[in-house]
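Working notes for the structure below.
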Amino acid sequence: MIRVGSGFDVHAYDAAAPLRLAGLDWPGEPGLSGHSDGDAVCHAVVDALLSAAGLGDIGELVGVDEPDTEGAASTAFVRLARERLTAAGWEPVNVSVQIVGNRPRFSARRAEAQLAMSELVGAPVSLAATTTDHLGFTGRGEGLAVIATALIQQA
């Protein structure tokens, strides 16, 4: 059996925080606000994987009120979601991710980010980025949004 799930995450920029996106550090870029490190790619991927397996969402996996997840690396959330998938008899086939925002300029580090995320997920992860031609909060440079789609199969 094959199933598909989707995930979506949004974070505002926070100039006082370091940027962590797609499991990578982005020196010189404004960070993302959030209870954890704010890695919106990881968050959307977690939601896509969990929803495909019918296992809820990131809020059920790691609560934003929990002190032990404050400032946590979101890569740990991807690993935890993958463990839940495995325990439920599923395995990821691939994940497609679309980043929507003006920053960071993503193309120069796409291959590096895809490799990092693919290792975390245990399956190929493709990443693409786009802008909204100055429309909406992403176009105004207030933050970014991420959409992820995961394909999983029974193990």
Side-chain angles (χ1 to χ4, degrees), residues 2-64 69-82 84-85 92-152:
I2 293 177
R3 293 180 66 172
V4 175
S6 61
F8 178 75
D9 197 43
V10 174
H11 284 271
Y13 289 119
D14 178 355
L19 179 59
R20 185 95 171 139
L21 190 64
L24 304 177
D25 291 316
W26 297 75
E29 292 288 343
L32 297 170
S33 66
H35 181 71
S36 65
D37 63 5
D39 189 331
V41 169
C42 285
H43 298 174
V45 166
V46 166
D47 275 346
L49 291 169
L50 293 175
S51 71
L55 298 174
D57 58 40
I58 194 168
E60 296 173 51
L61 187 68
V62 290
V64 296
T69 59
E70 186 172 356
S74 297
T75 52
F77 305 159
V78 177
R79 287 186 194 97
L80 185 56
R82 193 169 157 210
R84 295 276 171 94
L85 248 65
V93 174
N94 77 305
V95 179
S96 175
V97 178
Q98 179 74 52
I99 301 166
V100 182
N102 296 337
R103 302 181 75 159
R105 300 298 258 170
F106 198 76
S107 61
R109 297 189 70 192
R110 180 187 327 275
E112 181 184 7
Q114 287 180 156
L115 179 61
M117 291 303 299
S118 295
E119 288 175 358
L120 282 171
V121 170
V125 175
S126 60
L127 291 143
T130 191
T131 66
T132 57
D133 293 328
H134 306 289
L135 298 173
F137 79 94
T138 60
R140 290 188 300 271
E142 297 170 13
L144 60 80
V146 178
I147 304 158
T149 304
L151 180 67
I152 64 171

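Keep in mind it's a predicted model, so treat the numbers as computed, not measured.
Minimum heavy-atom separation, Pro30 to Leu19: O-CB, 3.4 Å. Looking at every heavy atom in both residues, Asp39 comes nearest to Gly23 through OD2-N, 2.8 Å. The two atoms that bring Val95 and Ala150 nearest to each other are CG2-CB, 3.9 Å, heavy atoms only. Among all heavy-atom pairs drawn from Val121 and Pro92, the shortest one is O-CG, 3.1 Å. In this structure, Ala145 and Val10 approach most closely via the heavy-atom pair CB-CG2, 4.0 Å. Scanning all heavy atoms of the two residues, the minimum distance from Ala129 to Gln98 falls at C-NE2, 3.4 Å.
Here Leu120 contributes atom CG and Cys42 contributes atom SG; the two are 6.0 Å apart, rounded to the nearest 0.5 Å. With values rounded to the nearest 0.5 angstrom, Leu49 atom CG is found 11.5 Å from Leu80 atom CG. Arg84 contributes atom CZ, which lies 8.0 Å from atom CG of Leu50 (distance to the nearest 0.5 angstrom). The CD1 atom of Ile99 sits 7.0 Å away from the CG atom of Leu144 when rounded to the nearest 0.5 Å.
Without hydrogens or angle criteria, Tyr13 side chain to Arg103 main chain gives a donor-acceptor distance under 3.5 Å. With hydrogens and angles ignored, the 3.5 Å screen pairs no side-chain donor or acceptor of Arg3 with any backbone N or O of Ile152. Gln114 places a side-chain N or O within 3.5 Å of a backbone atom of Leu127 that can act as its donor or acceptor partner.
Pairs engaging residues 41-60 under the side chain to side chain donor-acceptor pair (under 3.5 Å) rule: Asp9-His43, His11-His43, Ser36-His43, His43-Ser74 [sequence neighbours left out]. Applying the ring pair (Phe, Tyr, Trp, His ring centres under 6.0 Å) test to residues at least two apart or on different chains, none of the pairs has a partner in residues 117-146.
Residues Leu61 and Val46 meet the side-chain proximity criterion, which asks for heavy atoms closer than 4.5 Å. Using a 4.5 Å heavy-atom cutoff, the side chains of Phe77 and Ile58 are in contact.
Partners of Phe106 according to the ring pair (Phe, Tyr, Trp, His ring centres under 6.0 Å) rule, which considers only residues two or more places apart in sequence or in another chain, are Trp26. Residues that satisfy the side-chain hydrogen bond (donor to acceptor under 3.5 Å, both in side chains) test with Thr132, not counting sequence neighbours, are Thr138. Under the rule for a salt bridge (Lys or Arg N to Asp or Glu O under 4.0 Å), the partners of Asp25 that lie at least two apart in sequence or sit in another chain are Arg20. Applying the side-chain hydrogen bond (donor to acceptor under 3.5 Å, both in side chains) criterion to Glu119, with sequence neighbours excluded, gives no partner residue.
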- List the steps and the verdict of side chain to side chain contact (heavy atoms under 4.5 Å, CB included) for Val97 and Val125. CA-CA 7 Å; Val97 178; Val125 175; 4.1 Å; yes
